[in-house]
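Below is one structure; the comments refer to it alone.
What you see is a predicted model, and the numbers here were worked out from it, not measured in a lab. The chain is numbered in sequence order, starting from 1.
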Amino acid sequence: YYSGASAPDVNVGDLLLVHGTVAEYGGVTEIAMSADNTTILQSGVTIDPTLIQTADLSDAAAGEPYESVLIQFSCAVVTELPDQYGDWGVTDASGEQATVGDWATCAYTPTLGDNLGLIGVGNYYNEYKLEPRSDADIIVSLGVTAHGPENGDVPLGSDVWATFNM
């Protein structure tokens, strides 16, 4: 987090070198830094999100490694509508529900059963969450449900089928 009289002048895509003190605040690991201790090393950098399952945010031991990391759920289904704080739930093939936070004000309105791809920052506030950064991080997709063996192994030459929600 930033602490000081003037914020560092940085942009999305800047690769930074920061000096500061590491501390826990509200259960979140932070680096207390100031504009004086921030150096832009490179601009125009893109980061690929880390693909995880919703179960990876299910508890403290599972969620801690993804705190402040750009993460992605693919093939998640909306399973819980927004609560009084704007947080809502999704579940993927892991069967564990994860919370999607409301840091960014997005136009998307969660609808039960929507199939989504989600990208966002792993965050902790009373629980681990995926925090979309903008509407571009919420990809409403065709509902594709695969049907096959529980372990996912399909022998070569087998017939498979899928359903599509359009």
Side-chain angles (χ1 to χ4, degrees), residues 1-2 10-16 22-31 44-155 158-166:
Y1 79 93
Y2 158 74
V10 297
N11 297 296
V12 172
D14 286 349
L15 176 64
L16 307 176
V22 176
E24 288 284 323
Y25 179 79
V28 178
T29 306
E30 298 180 335
I31 302 173
V45 175
T46 58
I47 299 172
D48 292 327
T50 299
L51 182 62
I52 66 171
Q53 292 189 313
T54 55
D56 293 325
L57 296 185
S58 64
D59 61 41
E64 176 78 22
Y66 301 108
E67 193 175 281
S68 301
V69 173
L70 188 63
I71 56 176
Q72 177 179 4
F73 299 145
S74 64
C75 301
V77 177
V78 176
T79 51
E80 186 176 317
L81 295 176
D83 62 16
Q84 70 269 28
Y85 306 108
D87 294 346
W88 42 285
V90 294
T91 305
D92 62 13
S94 72
E96 295 284 332
Q97 181 170 292
T99 299
V100 179
D102 70 337
W103 264 3
T105 302
C106 297
Y108 171 74
T109 301
T111 302
L112 290 176
D114 275 1
N115 292 280
L116 306 173
L118 292 162
I119 298 172
V121 177
N123 184 37
Y124 181 82
Y125 185 77
N126 297 325
E127 65 182 325
Y128 284 96
K129 308 174 185 188
L130 178 146
E131 299 279 0
R133 300 161 298 168
S134 70
D135 280 311
D137 284 345
I138 303 172
I139 303 101
V140 180
S141 61
L142 291 175
V144 179
T145 305
H147 303 275
E150 291 219 7
N151 66 3
D153 292 335
V154 178
S158 298
D159 289 331
V160 295
W161 60 281
T163 58
F164 298 84
N165 294 333
M166 300 180 79

| Can you name the closest pair of heavy atoms from L57 and A98 and give their distance? | CB-CB, 4.4 Å
| Any side-chain heavy atom of N123 sitting closer than 4.5 Å to one from S68? | no
| request: Could you go through the side-chain contact (heavy atoms from CB on, under 4.5 Å) check for V140 and N115 one step at a time? | output: CA-CA 6 Å; V140 180; N115 292 280; over 6 Å; no
| query | Side-chain contact, heavy-atom cut-off 4.5 Å: T111 with V78? | reply | no
| query | Between CH2 of W88 and CG of L112, what distance do you get to the nearest 0.5 Å? | reply | 11.0 Å
| Tell me, which pairs form a salt bridge (Lys or Arg N to Asp or Glu O under 4.0 Å) where one or both residues lie in residues 83-108, sequence neighbours left out? | D87-K129
| Which atom names give the shortest non-hydrogen contact between P65 and A62, and what distance separates them? | CD-O, 3.3 Å
| request: Could you walk me through whether Q97 and E80 pass side-chain contact (heavy atoms from CB on, under 4.5 Å), step by step? | output: CA-CA 9 Å; Q97 181 170 292; E80 186 176 317; 2.7 Å; yes
| field | From T54 atom OG1 to F73 atom CZ, the distance as rounded to the nearest 0.5 Å | value | 6.0 Å
| said: Any non-hydrogen side-chain atom of T91 less than 4.5 Å from a side-chain atom of V77? | reply: no
Can you list, pair by pair, the side-chain donor-acceptor contacts under 3.5 Å of residues 103-110, counting residues two or more places apart and other chains?
unit_1: Y108; atom_1: OH; unit_2: D114; atom_2: OD2; d: 2.7

| task | In sequence, state the C-alpha distance, the side-chain angles, and the governing distance for T50 and L70, and then conclude on side-chain contact (heavy atoms from CB on, under 4.5 Å). | result | CA-CA 6 Å; T50 299; L70 188 63; over 6 Å; no
| said: Side chains of Y128 and E64: any donor to acceptor distance under 3.5 Å? | reply: yes
| request: Starting at CD of Q72, measure out to CG of L51 and round the result to the nearest 0.5 Å. | output: 5.5 Å
| said: For L116 and S141: C-alpha separation, side-chain torsions, deciding distance, then whether side-chain contact (heavy atoms from CB on, under 4.5 Å) applies. | reply: CA-CA 5 Å; L116 306 173; S141 61; 5.7 Å; no
| query | Tell me, do E67 and T29 make a side-chain contact under 4.5 Å, heavy atoms counted? | reply | yes
| query | Going from CG on L15 to OG1 on T46, what distance comes out if it is rounded to the nearest 0.5 angstrom? | reply | 11.0 Å
| request: Kindly compute the distance separating CD1 (I71) from CD1 (I52), expressed to the nearest 0.5 Å. | output: 3.5 Å
| task | Quick one: list whatever passes salt bridge (charged side-chain N to carboxylate O under 4.0 Å, His left out) with D137, sequence neighbours left out. | result | R133
| To the nearest 0.5 Å, how far apart are CG in L130 and OG1 in T99? | 10.0 Å
